[in-house]
*Asks:* 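Below is the structure I would like to discuss, written out as structure tokens.
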Amino acid sequence: MAPNSPPPALEVHDLTVAYQRRPVLWDVDFALPAGNLVAIVGPNGAGKSTLLKAVMGLLPAASGWAKIHGEPVEKQRRLIGYVPQRESVDWDFPTDALDVVMMGTYGRLGWGRRPGAAQRELALKCLDQVGMSPFANRQISQLSGGQQQRVFLARALVQQAQIYFMDEPFAGVDAATETAIVELLRELKTQGKTVIVVHHDLETVKEYFDWVVMLNMRVIAHGPAGETFTPANLQKAYGGRLTLLSAVADEIMSDGGRRAQFERAKK
Amino acid sequence: MTFSIDFSDANLRWVLLGSMLLGIAAATLGSFAFLRGRSLMGDALAHAALPGVCCAFLVAEAGRSLGWFDIGSKSLPLLLLGAGLSGVIAAWCIAAVARHSRIKEDTAQAIILSVFFGAGVVLLTRIQHSGAGNQSGLDKFLFGQAASMVGSDLITMSGVAAILCALTFAFYKELKLLCFDADFGRGLGFPMARLDGFLLAMIVASVVIGLQAVGVVLISAMLIIPPAAARFWTEKLHRMVPLAALLGGLSGALGALFSALAPRMPTGPLIVLAATAFFVFSLLFAPRRGVLARLWLLLSTRALVRRENALRDVFEATEASLSPHSDGNKTAVEAFPGISEDELLIGRRSDAATLRATLSQLQKKGLLQMQTGRWRLTEAGLRAAYEIVRRHRLWKMFLMYETSLGAQTVDRDADAVEHFLTPAAVSQLELLLREHDLEPRLKPIS
């Protein structure tokens with residue numbers, strides 16, 4: 001890297017995370033250039049969510065470090081936006097969509113200060129950006145899964161971050177929400193933001209993302225999606241489970257596989 | 001037993017005010033414990049306070065008899081300090097057991113609660129059987145005796161209660177974040193573990209100041225019952241907390257009042273009974289979340305499904321009667337001779353009486369008409385049935401071709417296919433309907 005080039009958006013060095021004595025991630029080492037849409041893929045239990053949490057300092061690392069734009073995470077909290085897994089919270093909590101989105105402003109507000117009109121306006125703007133403004137005052141348990149996911153996205157947008165971490169935002173959402181999220185990701189990219197997404201749908205990796213980190217307790221491969229997301233690397237990441245995946249591999253090799261599937265179904 | 005009450009009695013007014021403030025503080029903090037899923041924590045901490053009270057008493061006694069110091073074994077601040085200390089130790093033990101063993105937190109709470117309370121009862125029994133112990137008055141810490149409190153006790157209690165309410169108000173935003181999404185809060189840079197400890201410490205404080213008035217056995221009810229009752233009435237936290245505080249304050253005041261009315265009645269159980277009355281009323285009658293409201297919703301949904309099924313059955317019977325080349329217009333509907341109740345019962349697991357009730361409901365709505373025991377659609381009924389049948393069949397197509405439509409999972413709560421699929425997908429579904437020859441053949445005249 002040239003001495004004057006900007007530091008990577010995210011640099012992870014030799015990161016090892018262990019639950020009790022059992023390591024779930026070891027020697028994770030990679031750097032992501034800014035302004036990319038990055039997918040983290042890997043089989044169940046590969047440590048994808050653990051990686052996100054450890055990078056953000058939500059889980060203690062056994063060794064190693066992560067830097068955001070060249071500085072330790074604790075110094076760069078204001079640059080980070082976070083979309084946790086939807087199942088991680090109790091949606092029967094007594095609050096509405098707007099209030100959840102406003103939580104994204106708490107970091108900048110700091111201790112004790114209440115959100116005011118400015119924060120409210122920003123939250124409404126971000127709700128609108130994900131197409132949820134008609135639901136601003138809806139109790140959150142009355143929202144569908146996809147709508148709940150969009151509320152979480154709006155909350156991350158309110159953080160006005162440079163780098164976003166999203167934990168399975170596409171899990172269990174309807175088609176309309178999936179489209180909305182993809183549009184949002186592209187919008188963020190044009191603004192020069194980096195978005196790191198834990199993703200489980202292998203079929204859409206190449207379509208949605210331009211950078212891939214393939215993970216199975218250690219980094220299998222990382223780099224531009226076109227060069228990295230190959231059947232050989234899939235085999236390495238998913239191992240014996242690949243028989244299930246060979247069909248998927250065929251799909252990703254053939255352009256527009258999904259459209260073909262629909263055509264077949266129609267016949 | 002006398003039932004006269006003298007409101008000019010200064011002490012009684014203080015007792016009422018103190019119990020009310022205690023109820024407000026406990027319910028305010030309890031709201032966050034309740035939403036954090038820590039409802040049992042207050043109970044564990046309260047029971048764990050008993051050995052602390054006894055130990056503090058013994059230490060004071062020992063100090064006096066040995067001539068080292070004399071701070072008075074009945075000194076309330078000392079006893080409460082003991083209670084607070086053993087509460088904190090218990091909280092630490094629960095966290096340690098849950099973290100370092102495979103035992104889960106609820107089990108850890110149950111173990112610590114009973115171990116500490118058992119030790120407390122042993123100590124209490126020994127104290128009461130010893131010489132000076134008879135007059136110790138420690139037994140009132142079991143079930144509480146608000147009326148026995150004197151001015152200085154009440155000032156301590158009210159002061160701490162007011163401070164707890166003020167702290168909750170000051171850190172309302174952070175506590176909400178802790179209860180809703182602690183990980184996200186960590187991501188924002190808030191020290192959530194410390195905040196959790198702070199909440200726990202405040203709960204310990206509210207338990208400790210309530211010991212004398214309500215007692216170790218029942219104080220947790222003041223933490224949990226008012227918030228649980230308040231939750232039924234509102235979907236907003238900023239309304240739930242004040243409502244819980246109001247119910248808690250009322251329960252506290254009512255309990256203290258009744259306890260003063262009937263001499264020697266323990267205050268704790270009376271406060272709990274008052275709070276429970278509010279809870280039961282909320283459980284039954286709250287709109288939307290209450291039991292009766294939900295029962296009503298269930299019954300009306302059932303009735304709606306039965307009506308839709310009946311309409312669909314009549315529609316499909318009419319459709320089946322069409323000749324292959326009919327265009328399904330109005331005359332075709334009028335030509336349909338109708339379907340009898342017996343025919344409608346075939347294939348539906350419904351009893352005749354329910355079916356008849358459903359049909360007559362539809363008749364009253366002007367959707368069905370009956371002539372000589374046979375049922376037919378009215379014009380309005382045809383329009384309604386067409387929509388129902390179309391929706392039903394689009395669903396069928398959707399479930400058959402789900403994967404190829406590009407939606408791995410959908411929102412099954414949506415009431416119509418159109419609400420969760422894009423218009424393009426709906427038109428694909430309509431295409432599929434045509435190919436499967438499932439397009440509704442009867443058309444309403446619009």
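The structure displayed is predicted, hence computed values, not measured ones. Proteins get letters first, then strands, A, B, ... in listed order; numbering begins at 1 in each.
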*Asks:* What part of A:Val100 gets closer than 4.5 Å to chain B, counting heavy atoms only: side chain, backbone, both or neither?
*Replies:*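 For A:Val100, the contact with chain B is made by the side chain alone.
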*Asks:* Just give me the residue among A:Gly107, A:Pro94, A:Gly112 that pairs up with chain B most often, heavy atom to heavy atom, under 4.5 Å.
*Replies:* A:Pro94
*Asks:* Contact part of B:Arg289 toward chain A, heavy-atom cut-off under 4.5 Å: side chain, backbone, both or neither?
*Replies:* side chain
*Asks:* Of the listed residues (A:Asp99, A:Val83, A:Val73), which shares the most heavy-atom pairs with chain B below a 4.5 Å separation?
*Replies:* A:Asp99
*Asks:* Output the option from A:Gly110, A:Pro115, A:Gly57 having the highest count of non-hydrogen pairs under 4.5 Å with chain B.
*Replies:* A:Gly110
*Asks:* To the nearest 0.5 Å, what is the distance between CG on B:Leu438 and NE2 on B:His392?
*Replies:* 9.5 Å
*Asks:* Pick one of side chain, backbone, both or neither for A:Arg108, based on which atoms fall under 4.5 Å of a heavy atom in chain B.
*Replies:*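 Looking at A:Arg108, nothing touches chain B.
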*Asks:* Does any backbone or side-chain atom of B:Glu235 lie under 4.5 Å from a heavy atom of chain A? Answer side chain, backbone, both or neither.
*Replies:*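 Contact with chain A involves both backbone and side-chain atoms of B:Glu235.
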*Asks:* Under a 4.5 Å heavy-atom cutoff, which of A:Ile80, A:Val89, A:Asp90 has the most pairs with chain B?
*Replies:*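 Heavy-atom pairs under 4.5 Å are most numerous for A:Val89.
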*Asks:* Does the ring of B:Phe34 carry B:Arg231 above it, NZ/CZ under 6.0 angstrom from centre and within 45° of its axis?
*Replies:* no
*Asks:* Highest number of heavy-atom pairs under 4.5 Å with chain B: which of A:Arg78, A:Glu74, A:Lys53, A:Met103?
*Replies:*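 Of A:Arg78, A:Glu74, A:Lys53, A:Met103, A:Met103 has the most heavy-atom pairs under 4.5 Å with chain B.
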*Asks:* Look at A:Tyr82, A:Trp111, A:Trp91 and state which one has the largest set of heavy-atom pairs under 4.5 Å with chain B.
*Replies:* A:Trp111
*Asks:* Checking A:Arg114 against B:Phe169: charged group under 6.0 Å from the ring centre and within 45 degrees of the axis?
*Replies:* yes
*Asks:* Assess the residue pair A:Arg138 and A:Met132 against the criterion (side chain to side chain contact (heavy atoms under 4.5 Å, CB included)); give the C-alpha distance rounded to whole Å, side-chain angles, the decisive distance to 0.1 Å, and a yes or no.
*Replies:* CA-CA 10 Å; A:Arg138 177 90 54 105; A:Met132 284 293 291; over 6 Å; no
*Asks:* Run through B:Thr301, B:Leu295, B:Leu299 and flag the one making a side chain to side chain contact (heavy atoms under 4.5 Å, CB included) with B:Leu297.
*Replies:* B:Thr301
*Asks:* Checking A:Met56 against chain B: side chain, backbone, both or neither under 4.5 Å from a heavy atom?
*Replies:*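 Neither part; nothing is under 4.5 Å.
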*Asks:* Looking at B:Ala170, B:Gly187, B:Gly37, B:Ala182, which makes the most heavy-atom pairs under 4.5 Å with chain A?
*Replies:* B:Gly187
*Asks:* Please flag which part of B:Phe180 lies under 4.5 Å from any non-hydrogen atom of chain A: side chain, backbone, both or neither.
*Replies:*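 For B:Phe180, the contact with chain A is made by backbone and side chain together.
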*Asks:* Using non-hydrogen atoms and a 4.5 Å limit, figure out which bit of B:Arg239 sits close to chain A: side chain, backbone, both or neither.
*Replies:* neither
*Asks:* Which pair of non-hydrogen atoms, one from B:Ala44 and one from B:Gln109, has the smallest distance, and what is that distance?
*Replies:* CB-O, 4.1 Å
*Asks:* Let me see the working for B:Leu177 and B:Leu188 under side chain to side chain contact (heavy atoms under 4.5 Å, CB included), right down to the final yes or no.
*Replies:* CA-CA 10 Å; B:Leu177 197 55; B:Leu188 289 174; 3.9 Å; yes
*Asks:* Against the six-membered ring of A:Tyr164, is A:Lys193 placed for a cation-pi contact (under 6.0 Å from the centre, within 45° of the normal)?
*Replies:*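 That pair does not qualify as a cation-pi contact.
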*Asks:* Any side-chain donor-acceptor pair under 3.5 Å between A:His69 and A:Thr194?
*Replies:*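 Distance-only check fails for A:His69 and A:Thr194.
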*Asks:* Tell me, with the steps shown, if B:Arg38 and B:Leu199 meet side chain to side chain contact (heavy atoms under 4.5 Å, CB included).
*Replies:* CA-CA 11 Å; B:Arg38 290 271 165 79; B:Leu199 175 62; 6.0 Å; no
*Asks:* Given that the side chain runs from C-beta out, which part of B:Leu167 has a heavy atom under 4.5 Å from chain A: side chain, backbone, both or neither?
*Replies:* neither
